[in-house]
Amino acid sequence: MQGAYFMAEKYYAVRAGRKTGIFTTWEECRQNVHGYPGAVYKSFKTRAEARDYLGDNFSGKDGLKEQDCVKIYVDGSYNHAAGEFSYGMVVLKEDGEETYNCRFQDKELCSMRNVAGEIKGAEAAMQYALDHGIPAIEIYHDYEGIARWCLGEWKANKEGTKAYKAFFDKVSSQVKVRFVKVAGHSNDKYNDMADQLAKEALGIG
């Protein structure tokens, strides 16, 4: 019909794939996720929902393409009996995965339980980018404060969150950081892997 306005029946948002972004046909989406290790995508009824799912919180707009960003998954764990916390980290690279974990003992941070570990994981992801000369990263996390403290959407009240925000402010002048929230314990392969790595660091895996 002449003059009719086309509206896609579904919008496919690809967070991790050969190309990322919003696609209006399953075939376009499939081409970018089928066979891609760690593909992350979801369909929505509206473009606005798809856009919200992808997020848009790069710390700076400098024309960097999403495919130039290294994707890093982080998660934290906590062992109450030992008073320790830890992080697990999975770096997705073209030639495979790199995995890291580390445990900590810090009375001040321990009050934040596994969130403390996830904060340390996010810091480790940023430090990884600095150490390897990576210009932009996407940090995939399951606790929303990981992004909100850095972006100034939550006030950093504790010493641990103040230090985290200060670390981000320093790093973000050299590395562009985008945060992508994923649902915890939702069978997301790399989120689950980061969670397992964090537990193994505490000997509770």
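Only this structure's heavy atoms are used, side chains among them; waters, hydrogens and symmetry mates stay out.
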Query raised in the report: Do Lys10 and Lys45 have side-chain heavy atoms sitting under 4.5 Å apart?
Result: no
Requested in this report: Find out whether Tyr12 and Thr24 are in side-chain contact, i.e. whether some heavy atom of one side chain is under 4.5 Å from a heavy atom of the other.
Outcome: no
Query raised in the report: Would you say the side chain of Val33 lies within less than 4.5 Å of the side chain of Val14, judging by non-hydrogen atoms?
Result: yes
**Report entry** Point-to-point distance, once rounded to the nearest 0.5 Å, from SG of Cys29 to OH of Tyr11
**Finding:** 14.5 Å
Query - Note, Tyr128 side chain near Glu98 side chain (heavy atom, < 4.5 Å) - result: yes
Query raised in the report: If we only count heavy atoms from C-beta on, is the Leu92 to Tyr73 side-chain gap below 4.5 Å?
Result: yes
Query raised in the report: Under 4.5 Å between any side-chain heavy atoms of Val175 and Pro135, yes or no?
Result: no
**Report entry** Passing candidate, side-chain contact (heavy atoms from CB on, under 4.5 Å) with Asn101, options Glu200, Lys199, Met89
**Finding:** Glu200
Query raised in the report: Taking all atoms of both residues into account, what is the closest heavy-atom pair of Phe44 and Ala13, and its distance?
Result: CE1-CB, 4.0 Å
**Report entry** From CG (Asp142) to CG (Asp188), nearest 0.5 Å
**Finding:** 9.0 Å
Requested in this report: Might you work through the side chain to side chain contact (heavy atoms under 4.5 Å, CB included) test for Lys162 and Lys165, ending with a clear yes or no?
Outcome: CA-CA 5 Å; Lys162 288 177 182 177; Lys165 174 68 163 66; 5.9 Å; no
Query raised in the report: If only atom types and distance count, is the side chain of Tyr164 paired as donor or acceptor with the main-chain N or O of Ile146 below 3.5 Å?
Result: yes
Report task. Establish, from distance only, whether the side-chain atoms of Gln196 and Asp192 form a donor-acceptor pair under 3.5 Å. Result -> no
Query raised in the report: Distance from Gln174 atom CD to Ile134 atom CD1, nearest 0.5 Å?
Result: 13.0 Å
Report summary line: Shortest non-hydrogen pair, Asn79 vs Leu202, comes out as N-CD1, 3.7 Å
Requested in this report: Verify side chain to side chain contact (heavy atoms under 4.5 Å, CB included) between Ile139 and Val180, making sure each step is shown before the conclusion.
Outcome: CA-CA 6 Å; Ile139 298 178; Val180 181; over 6 Å; no
Query raised in the report: Aromatic ring centroids of Phe85 and Phe104 under 6.0 Å?
Result: yes
Requested in this report: Could you tell me which residues satisfy side-chain hydrogen bond (donor to acceptor under 3.5 Å, both in side chains) with Tyr140, sequence neighbours excluded, listed by chain and number?
Outcome: Glu138
Query - Interatomic spacing from CE in Met193 to CG in Asp75 - rounded to 0.5 Å - result: 12.5 Å
Requested in this report: Of all the heavy-atom pairs spanning Ile119 and Trp149, show the shortest one and how long it is.
Outcome: CD1-CZ3, 3.9 Å
Report summary line: The single option from His34, Glu27, Glu28 that satisfies side chain to side chain donor-acceptor pair (under 3.5 Å) with Gln31 is Glu27
**Report entry** Gap separating the CD atom of Glu118 from the CG atom of Asp195, nearest 0.5 angstrom
**Finding:** 9.5 Å
Query - Listed partners of Arg148 passing side-chain contact (heavy atoms from CB on, under 4.5 Å), at least two apart - result: Glu144, Glu153, Trp154
Query raised in the report: Glu97 side chain to Val91 main-chain N or O, any donor-acceptor pair under 3.5 Å?
Result: no
Query raised in the report: To the nearest 0.5 Å, how far apart are OH in Tyr78 and OG in Ser86?
Result: 11.5 Å
**Report entry** More than 12 heavy atoms of other groups within 6.0 Å of Tyr41 OH
**Finding:** no
Report task. Compare every heavy atom of Phe167 with every heavy atom of Met126, then report the nearest pair and how far apart it is. Result -> CB-CE2, 3.8 Å
Query raised in the report: Using 30° and 60° as the class limits, which term best fits the ring planes of Phe179 and His141: parallel, tilted or perpendicular?
Result: perpendicular
Report task. Compare every heavy atom of Tyr87 with every heavy atom of Gly117, then report the nearest pair and how far apart it is. Result -> O-CB, 3.0 Å
Report task. Measure across Ala198 and Ser77 and return the closest heavy-atom pair with its distance rounded to 0.1 Å. Result -> CB-CB, 3.7 Å
